[in-house]
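Just below is one structure, and these are the notes that go with it.
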Amino acid sequence: MRLTQGFIPTIKETPNEAQITSHRLMLRAGLVRQTSAGIYAWLPLGLRVLRNIERIVREEQDASGAQELLMPTIQPAELWRESGRYDDYGAEMLRIRDRHERDMLYGPTNEEMITDLFRQSVRSYRELPKIFYHIQWKFRDEVRPRFGVMRGREFLMKDAYSFDLDHAGAVISYRKMMLAYMRTFRRMGLKAIPMVADTGPIGGDLSHEFIILAPTGESQVFYDAAFEEIDYLSEGAGGFSHDSPADLERFFQEMTSYYAATDEKHDTAKWDQVAPERRREGRGIEVGHIFNFGTKYTKSMNTTVTTPDGKPVFPEMGSYGIGVSRLVGAVIEASHDDAGIVWPDSIAPFRAAILNLKVGDAACDALCARLYEALGADALYDDRDDRAGVKFNDADLMGHPWQLVVGPRGAVAGKVELKRRVVGMSGGDRVEVSPEDALAQIFANSDRRA
Ligand code: 5CA
């Protein structure tokens, strides 16, 4: 995209409505704008990041065997009256009445709707297990929406739902999702820790939250230092297979053998058993949450399948959420410096930025055009007739993983300056290389869409 033709309204001043870094940077770099309290419009740069996060989430869900579908945002109240949650959910639910006086709601989550879709068509144990997911906007009328997209009222969630014949099967589905989640977050450059968590209005007794450590996080967390040391997926994400219950068990054991809990589930007796020098206490951002709640919804919504001996049973369910829009903020909290955002390659809005330091200079224009052609739509070409300093600052603020800087002297000599954007090195480390070498280095990174 040519910057002169794009819509990336960056802001120099620090917006005073924003309390945390990610919110400030998202406004300043032109990713989002607030349209109502806790509701945001995604501008082109922000939308590209959101789509990249969605792509990774989708690929890892598909790899786990989950099937994608898409449920609507607006739901009928009857389904929620059946499960008993219509009244329980309280003021967080946005209730709507249509022109025929029917009670509707903007979905805060989809357990009821997926159970209804399931019971309309699935009759036999032969059709199990099943995991469905969708990536859809949710609405929760939070009392205090804050921190930008981190705690919005409207937000994008990936929610998956599993159906199994019995508890043993449900445990396998739960572990599959845990593996898919660890791979998903890792591909975004995040180290997430699965922590024993409270189940709240979703219900059930087996639950983990996936927490990214950050001082601005809303959760108080307690964990064993082992989580800082061990890179569970390093021996190749291929080390564990979704198709092998033994692998899944080994993976689950490894992930849960050390103490890690949020404050709601903090167990001081168990905490006392952790060696004092290994105890870590801090703040974290919840980027995902998985639940096993057995037959809570299949029972209340009278959903059965027949077993091999012809008897009806209530299938066991789980639900599995990832905060897709929250992740945009969470990644920024985990990866930024004084100059701006530092995107991991996999989700950066553009693979690289081309900075033309002298627009109108024949050699600069020609070399930039060549680079832009080679990188295609995955590059942002700063073709503004502006000062070099403005371009450097904006490129650092927007956080492109690579900057290709083209100045008049270098252009004549057939050279560009290549800069890798890393945390804490906003100012410098531009290396002069040939355009071919620069492109080769940029293309060497593989976790990008084609
Ligand atoms: N039905 C279950 C799992 S599918 C569920 O709704 N779980 S949840 O309530 O924990 O939400 C899942 C994820 O959505 C959370 O881990 C969090 O990352 C994200 N999320 C929840 N509330 C908000 C919010 N107000 N703003 C942004 N993201 C949110």
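When a ligand or atom number is given, it counts from 1 through the structure's own listing order.
- Residue contacts with ligand 1: Asp159 is placed with no nitrogen or oxygen under 3.5 Å of a nitrogen or oxygen of the ligand (distance criterion only).
- For ligand 1, the atoms lying closer than 4.0 Å to a non-hydrogen atom of Gly288 are 16 (O).
- For the pair Asp247 (side chain) and Ser241 (backbone), a donor-acceptor distance under 3.5 Å is present.
- Within the listing of ligand 1, atoms 13 (C), 14 (O), 18 (O), 19 (C) sit less than 4.0 angstrom from a heavy atom of Gly323.
- Not one N or O of Gly321 is nearer than 3.5 Å to an N or O of ligand 1, by distance alone.
- In this structure, Ser325 falls outside the shell of residues with a heavy atom less than 4.0 angstrom from ligand 1.
- One finds a salt bridge joining Asp103 and Arg97 here, because a Lys/Arg side-chain nitrogen approaches an Asp/Glu carboxylate oxygen to under 4.0 Å.
- Using the six-membered ring where Trp is involved, Tyr181 and Phe210 have ring planes that are tilted, between 30° and 60° apart.
- In the candidate list His289, Arg140, Lys138, Glu111, Arg140 is nearest to atom 6 (O) of ligand 1, counting heavy atoms.
- By the 30° and 60° cut-offs, the orientation of the rings of Tyr259 relative to His266 is perpendicular.
- Under 4.0 angstrom from ligand 1, the non-hydrogen atoms of Arg326 all belong to its side chain.
- Under the 4.0 Å criterion applied to side-chain N and carboxylate O atoms, Glu229 and Arg278 are assigned as salt-bridge partners.
- Contacts of Val287 with ligand 1, taken as heavy-atom pairs under 4.0 Å, involve the backbone alone.
- Under a cutoff of 6.0 Å and an axis angle of 45°, Arg420 and Trp402 form a cation-pi pair.
- Heavy-atom distances between Val149 and ligand 1 reach below 4.0 Å in at least one pair.
- Between His208 and Tyr174, the ring-plane angle classifies as tilted under the 30° and 60° cut-offs.
- Residue contact check for ligand 1: Met150 places a non-hydrogen atom closer than 4.0 Å to it.
- For the ring-ring contact (aromatic ring centres under 6.0 Å, His included) with Tyr106, the lone residue among Phe155, Trp80, Phe139 that qualifies is Phe139.
- The option from Phe291, Phe155, Tyr133, Tyr320 that lies nearest to atom 28 (N) of ligand 1, judged by heavy atoms, is Phe155.
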